[in-house]
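In what follows, every chain begins at residue 1, and chains take the letters A, B, ... in the order their sequences are listed.
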Amino acid sequence: MIRRESIRTVLRQGSVGSTTTVYGWVRTARVSSKVAFAAINDGSCFQNLQVVFDRDLFAHEQLAGLMTGACVRAEGTIVESPGREQTHELHATSLEIVGPVDDAYPLQKKRHSLEFLRTMPHLRPRTNTFASVFRVRHHLSLAIHRFFDEEGFYYVQPPLITSSDAEGAGETFQVTTLPLHDVPMKDGKVDFSQDFFRAPAFMSVSAQLEAEPLALALGKVYTFGPTFRADPSDTRTHCAEFWMIEPEMAFFDLEDNMALIERFMRYCANYLMEHCADEIDFFERFYEKELKERYRMIQENEFGRITYREAMKLLTESGRSFDTVPKWGEDFSSEHQRYLAGDVFGKPVFITDFAATVKPFYMRLNDDMETVAGVDLFAPVVGELVGGSQREERLDVLERRASEQRLDMEIYGWFMELRRWGSAPHSGFGLGFERLLMYLTGMENIRDVLPFPRTSGRMF
RNA sequence: UCCUCGGUAGCUCAAUUGGUAGAGCGGGUGGCUGUUAACCACUAGGUUGGGGGUUCAAGUCCCUCCCGGGGAGCCA
């Protein structure tokens, strides 16, 4: 058994005068004639531990192993530090170079570009930036589970392999065991009866369709899992494999839905402020100067609220010349989103009651017969964070809208049956986990908040 | 897929109208009585993304391909 204390434990609970053993990776080392210093980090917290070496006790060759990136074990006494930058440090009595590095080690103690670090996903977690991102990612995940648990939701796990392409979502990855060099054909088409499921199968692009039946039995449910999109879109906010949170609630209308989204965002912001203070300080210093203002905006203010109709009016009367002209019956472009969330409101803003033509068939038709009870939450910088709606619970209306959008009713058979027997008003939303993480860390590329990002054309 | 900007030492970047490729960091060697991404001295390190072209002469101009950043479209 390896005996050691984490640096987090040493710095937060270690008592002066006690001895301890730590393991960690060298961030930087300074050797002078009488004394040497090494800052080591084991990932347990943002701070490094300063280890001090009396040069009378350590051979020159041994200290030469304290190169940036080397894994070391240090044993010693915890003392108060005379230095300004840390309250405590470790006076070493022994040092072992557990995993040495040579001069080809690519990470230096100075700052690297994010582009360079993207080429080495196996090493970049050893940087302040990525270790912080992944610690925040952990805490945000926990915050999400806690929030929904406290709100009385059940965590459900819909399948990742599905039979249907969720309406409105993007392109799918197909799952097959058919031999790609010799695909069986029948009547000029692929013979899926010979495939694993005896039918075409896809990676899930949304859990919503499967979440609805669970909500209409358990009341309030949420999903939190990976989602796969084969869109060729190459942008800083898109990824082929990402995580989504998709709550679905019986007996929630659109107002209830929005109130839930607001409580959710506030809970996450509060939780991270409490658990990731060092990381948030770091991100504010190096990545997003207004980061804490962003948190305050979520914690202390109601989000903006505006209908699609009002938003269109605002855009057309703004006097701005947009590349895409805003037009009733069409969706907002990203410059429209940026204008509304960034310039007009300066905080996240709900857009509600969209023209029915821009939203999928399952959103509830409003009494005006031309808008639907959908809601999008646009945030400055990252754009669309949340998309949700009150679902259409009236069978006749749902069937009419589905046929208007020329959907294959066979695939949606069971979805229709939910409305045929014991139908209930219900709502839900979907939230991109990585986009939320981007918003709350200030990172501006989705590839930098995923440990091993998968994007079109690149597996790293 | 389209538009746009870029690719120079391991990293971050310089290099005037086309005229001898440099610096800081990192590495090596030595020095320094407690440093804070320490400091001082010396040193090694380059087919300027690949290929082709113009020119007496190309990192610099032209063509083409590759790779990366940003934007558009689509979406979360």
Classify [X] by what it touches in the nucleic acid, base, sugar-phosphate, or nothing, heavy-atom distance under 4.0 Å.
X: Gly387(A); answer: nothing
X: Glu89(A); answer: base
X: Arg84(A); answer: base
X: Thr324(A); answer: sugar-phosphate
X: Asn445(A); answer: sugar-phosphate
X: Gln86(A); answer: base
X: Pro106(A); answer: nothing
X: Glu85(A); answer: base
X: Leu114(A); answer: nothing

Let me know the distance between [atom1] of [X] and [atom2] of [N], rounded to the nearest Å.
X: Ile446(A); N: G70(B); atom1: CD1; atom2: P; result: 12 Å
X: Arg118(A); N: C11(B); atom1: CZ; atom2: C1'; result: 16 Å
X: Glu384(A); N: G73(B); atom1: CD; atom2: P; result: 13 Å
X: His91(A); N: U35(B); atom1: NE2; atom2: P; result: 13 Å
X: Arg229(A); N: C74(B); atom1: CZ; atom2: P; result: 15 Å
X: Glu115(A); N: G69(B); atom1: CD; atom2: P; result: 7 Å

Nearest listed nucleotide, side chain of [X], among [options]:
X: Ser81(A); options: G73(B), G34(B), U33(B); value: G34(B)
X: Val35(A); options: U36(B), G34(B), G71(B); value: G34(B)
X: His112(A); options: G69(B), C11(B), G71(B); value: C11(B)
X: His238(A); options: C11(B), C75(B), G34(B); value: C75(B)
X: Ser233(A); options: G34(B), G69(B), C74(B); value: C74(B)
X: Gln337(A); options: G69(B), C75(B), G71(B); value: C75(B)
X: Ser113(A); options: U36(B), G73(B), U12(B); value: U12(B)
X: Phe37(A); options: C75(B), G34(B), A38(B); value: G34(B)
X: Arg447(A); options: A38(B), C75(B), G70(B); value: G70(B)

Inset, instruction - Check side-chain hydrogen bond (donor to acceptor under 3.5 Å, both in side chains) between Arg305(A) and all other residues, then give those that pass, not counting sequence neighbours. - result: Glu255(A)
Inset, instruction - Please identify each residue that fulfils side-chain hydrogen bond (donor to acceptor under 3.5 Å, both in side chains) with Arg126(A), with sequence neighbours left out. - result: none
Taking the [atom1] atom of each, how far is [N] from [M], in whole Å?
N: A44(B); M: G71(B); atom1: C1'; result: 43 Å
N: G69(B); M: A15(B); atom1: C1'; result: 23 Å
N: U16(B); M: G50(B); atom1: C1'; result: 29 Å
N: G52(B); M: A58(B); atom1: C1'; result: 14 Å
N: C42(B); M: U4(B); atom1: P; result: 48 Å
N: G34(B); M: U29(B); atom1: C1'; result: 24 Å
N: C61(B); M: G19(B); atom1: C1'; result: 15 Å
N: A14(B); M: A72(B); atom1: P; result: 26 Å

Please list, chain by chain and in numerical order, all residues satisfying ring pair (Phe, Tyr, Trp, His ring centres under 6.0 Å) with [X], sequence neighbours excluded.
X: Phe130(A); value: none
X: Phe224(A); value: His145(A), Trp243(A), Phe433(A)
X: Phe286(A); value: Phe282(A)
X: His139(A); value: His275(A)

Inset, instruction - Mind telling me whether Phe354(A) and Tyr308(A) have parallel, tilted or perpendicular rings, with 30° and 60° as the class edges? - result: tilted
Does [N] have OP1 or OP2 sitting under 4.0 Å from an N or O in the side chain of [X]?
X: Arg236(A); N: G71(B); value: yes
X: Ser334(A); N: A72(B); value: yes
X: Arg111(A); N: G24(B); value: no
X: Ser333(A); N: G73(B); value: yes

Atom pairs under 3.5 Å: protein N/O with N/O of nucleotides 44-47 of chain B:
none

Legend entry - Sidechain-backbone polar pair: Glu262(A) side chain, Phe303(A) backbone, donor-acceptor under 3.5 Å: yes
Inset, instruction - Would you confirm whether Glu310(A), through its side chain, and Thr307(A), through its main-chain N or O, come within 3.5 Å as a donor-acceptor pair? - result: yes
Legend entry - Test ring-ring contact (aromatic ring centres under 6.0 Å, His included) applied to Tyr339(A) and Phe322(A), Phe378(A), Phe332(A), the passing residue: Phe322(A)
Legend entry - Sole residue of Tyr155(A), Tyr267(A), Phe264(A), Tyr154(A) in ring-ring contact (aromatic ring centres under 6.0 Å, His included) with Phe148(A): Phe264(A)
Inset, instruction - Return one dot-bracket line describing RNA chain B 5' to 3' (Watson-Crick or G-U wobble pairs, both distances under 3.5 Å; ( ) same strand, [ ] crossing, | another strand, . none). - result: (((((((..((((.....[..)))).(((((.......))))).....(((((..]....))))))))))))....
Legend entry - Contact letters for nucleotides 25-32 of chain B, in which S counts primed atoms plus P, OP1 and OP2 and B counts the base, heavy atoms under 4.0 Å: BSS----B
Legend entry - Inter- and intrachain pairs under salt bridge (charged side-chain N to carboxylate O under 4.0 Å, His left out), touching residues 327-349 of chain A, at least two apart: Arg320(A)-Asp343(A), Lys327(A)-Glu330(A)
Inset, instruction - Using the salt bridge (charged side-chain N to carboxylate O under 4.0 Å, His left out) rule, collect all pairs that involve residues 437-446 of chain A, keeping only residues at least two apart or in two chains. - result: none
Inset, instruction - Taking the side chain as every heavy atom from C-beta outward, state whether Pro100(A) and Met67(A) have any pair of such atoms under 4.5 Å apart. - result: no
Donor-acceptor contacts, no H, no angles, side chain residues 79-86 of chain A, under 3.5 Å, sequence neighbours left out:
| unit_1 | atom_1 | unit_2 | atom_2 | d |
| --- | --- | --- | --- | --- |
| Ser81(A) | OG | Gly83(A) | N | 3.1 |
| Ser81(A) | OG | Gln86(A) | NE2 | 3.0 |
| Ser81(A) | OG | Glu89(A) | OE1 | 2.9 |

